[in-house]
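Chain identifiers are assigned alphabetically (A, B, ...) following the order of the sequence lines, protein sequences preceding nucleic acid strands; residue numbering begins at 1 within each chain.
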Protein chains: 2
Amino acid sequence: MVGEAENAIEKKERKRLPVVDESLEQRRNVLWRNFLTAHAAVIDRIEDDLDEAEVLPLSWYDVLLALYEAPEHKLRMHELARAILVTRGGLTRLVARIERAGLLRREPDRADGRGLYAALADEGLEALRTTWPVYARGIAEHFGRHLSDEEVEVLDRAFNRVSAAAQER
Amino acid sequence: MVGEAENAIEKKERKRLPVVDESLEQRRNVLWRNFLTAHAAVIDRIEDDLDEAEVLPLSWYDVLLALYEAPEHKLRMHELARAILVTRGGLTRLVARIERAGLLRREPDRADGRGLYAALADEGLEALRTTWPVYARGIAEHFGRHLSDEEVEVLDRAFNRVSAAAQER
DNA sequence: TCGAGGTAGTCGTATCTACAACGATAAGGA
DNA sequence: TCCTTATCGTTGTAGATACGACTACCTCGA
C-alpha cells in the first residue's frame, strides 16, 4: 500500500494515495484493509457487549466451546491449542485461569504420561449457555445484519478456502 | 453456538453440534466463525513472513501508513489512535517505540497546547517502502490468491457496510 | 476575567501473549 | 535393553495492550 507513486511525498497537492485503483491486485489490497478494519471494529463491539453483560470474554468462550464440541467434551492441550490458534505456552496459562474459575478440569491422559486433557466442567457448560445469547446478539447486530443471504453464501465459501490454505502446515 | 440442543451433552453418540444448519441465522453464525478463523490464520502467516524478512511488524506498518496517507504525513495522536483502532494509552507507547527506532517524530501542535503530532520521518517512509513488497506478497499469497474477481467485489461491498456500522460512534 | 467542564496525552498497573529453554515421557532402532 | 530423537506441557522473560487516574490545557458562558 506504498511503493508505487514514488513521488507522492514531493507532490504535496496530492494528499492521499488513490483509494480506487483499477488493477486487480490493488482491488485485493483494498479488500484486505477493509477486511482488517471490519474485523477489528466488530470484535471491539462484541467484546464490549460481552463485558457489559458480564459473561465470558471471547478467549474463554473459544476454549470452552472447543471443549464442548469435542468428543466427550475434552481435548488434549496441544489439540486445544491448535483448535483455537494459540501457542501451547499461552494455552497453559489461559487454561489455568479458566480452571481457577471452575469452568474446566485438567485430567491426566492415562495412555500418555506426558499428556493432559482439558475437560469441560458443568459450570463451564452453564457459562457457555449464559454467554451464547449475548454473543449471538452481537454477531447478528454488528455482522450478520449487514449481509444478504447471497453474500453469506459467497463469503462462507471464500473464507473456507482461505482458512484451509492458511492453516495447512 | 451452544444453547440449542440442550441434550447434546447427554447424547454421547452425537459428538458434535451439527455444522450445517438450515436456519439463516445459523448460517451467519457459521460464517462468523469462519471469518474469525480465516483472519487469525492469515494474520499469523503474514506476520511470520514479515518477521522472517526482518521488516516492519504489522502494528508499526499500520501507524506509519496512516501517517503516510495523512495530509503533510502527520496526524494528531488521537486521530492516529482512531485511524488504527487502538486506545490512546496504547498509542502513546507504540509511538514511543517507533520514535525510538527513528521512524517518526513527535511535534507539538502550535494551535493546541495539549496536542502532539506524530509525523512520518524519512526513515519511516523508507521502512514502509521496504516492508510493502513483503506484505503485498503475503496478502496475495495467503488471501487474494484464493478469491475470484467477483468474490472480491462482493466481499468489498459487504465489509464496507460492516465496518461503517461498527465504527460509527 | 474567571471558573466549570471537557479533551489531550501520559503513566501506573494488571493482563495477556509469544518465544525459548526445560524436565518428563514416549517411540523406535541398534 | 540402551540410547537417540521427538513430543508434551510448563515456566522465565520480555513485550504489548487496555483501563483508569492524573496533569495540562482548551472552550465557553456568566
- Message: Which residue in the set Leu91(B), Leu65(B), Leu75(B) passes side-chain contact (heavy atoms from CB on, under 4.5 Å) when paired with Ile84(B)?
- Response: Leu91(B)

- Would you mind reading off the distance between Asp112(A) atom CG and dA6(D) atom P, rounded to a whole angstrom? 17 Å

- Task: Name the nucleic acid region contacted by Asp109(B), choosing base, sugar-phosphate or nothing; use a 4.0 angstrom heavy-atom cut-off, strictly under.
- Result: nothing

- Message: Nearest to the side chain of Leu94(B), heavy atoms from C-beta on, is which of dC26(D), dT17(D), dT10(D)?
- Response: dT17(D)

- Query: Quick one: on DNA chain C, does Gly90(A) or Arg110(A) contact a more 5' nucleotide (nearest heavy atom)?
  - Reply: Gly90(A)

- Measure from CH2 on Trp60(B) to C1' on dG15(D) and round the result to the nearest Å. 12 Å

- Message: At less than 4.0 Å, is any side-chain N or O atom of Arg76(A) found next to OP1 or OP2 of dT7(D)? Yes or no.
- Response: no

- Task: Salt-bridge test for Arg28(A) and Asp149(B): reply yes if a basic N is under 4.0 Å from a carboxylate O, no otherwise.
- Result: yes

- Message: Between P on dT17(D) and CG on Leu58(A), what's the gap in Å once rounded to a whole number?
- Response: 18 Å

- Atom CZ of Arg114(A) to atom C1' of dA6(D): distance rounded to whole Å? 8 Å

- Message: Can a donor-acceptor pair be found, under 3.5 Å and without considering hydrogens, that links the side chain of Arg145(B) to the backbone of Glu141(B)?
- Response: yes

- Message: Please identify the 5'-most and 3'-most nucleotides of DNA chain C with any atom under 4.0 angstrom from a heavy atom of chain A.
- Response: dC16(C) to dA26(C)

- Task: Would you classify Arg93(B) as touching base, sugar-phosphate or nothing, given that sugar-phosphate means primed atoms plus P, OP1 and OP2, and contacts are heavy atoms under 4.0 Å?
- Result: base

- Item | Separation of dA16(D) P from Asp51(B) CG (nearest whole Å) | 12 Å

- Message: Using a 4.0 Å heavy-atom cut-off, does Gly89(B) contact any base of the nucleic acid, only the sugar-phosphate backbone, or nothing at all?
- Response: base

- Query: If you measure from the Lys or Arg side-chain nitrogens to the Asp or Glu carboxylate oxygens, is any gap between Glu69(B) and Arg33(A) under 4.0 Å?
  - Reply: yes

- Item | Smallest separation among heavy atoms of Arg106(A) and Leu116(A), with atom names | CD-CD1, 4.1 Å

- Which atom of Ala41(A) lies closest to which atom of Leu85(B), heavy atoms considered: N-CD1, 4.1 Å

- Message: In whole Å, I'd like the distance from the CZ atom of Arg88(B) to the P atom of dA21(D).
- Response: 14 Å

- Between Leu75(A) (CG) and dC8(D) (P), how many Å, whole number? 14 Å

- Item | salt_bridge(Arg76(B), Asp109(B)) N-O dist < 4.0 Å | yes

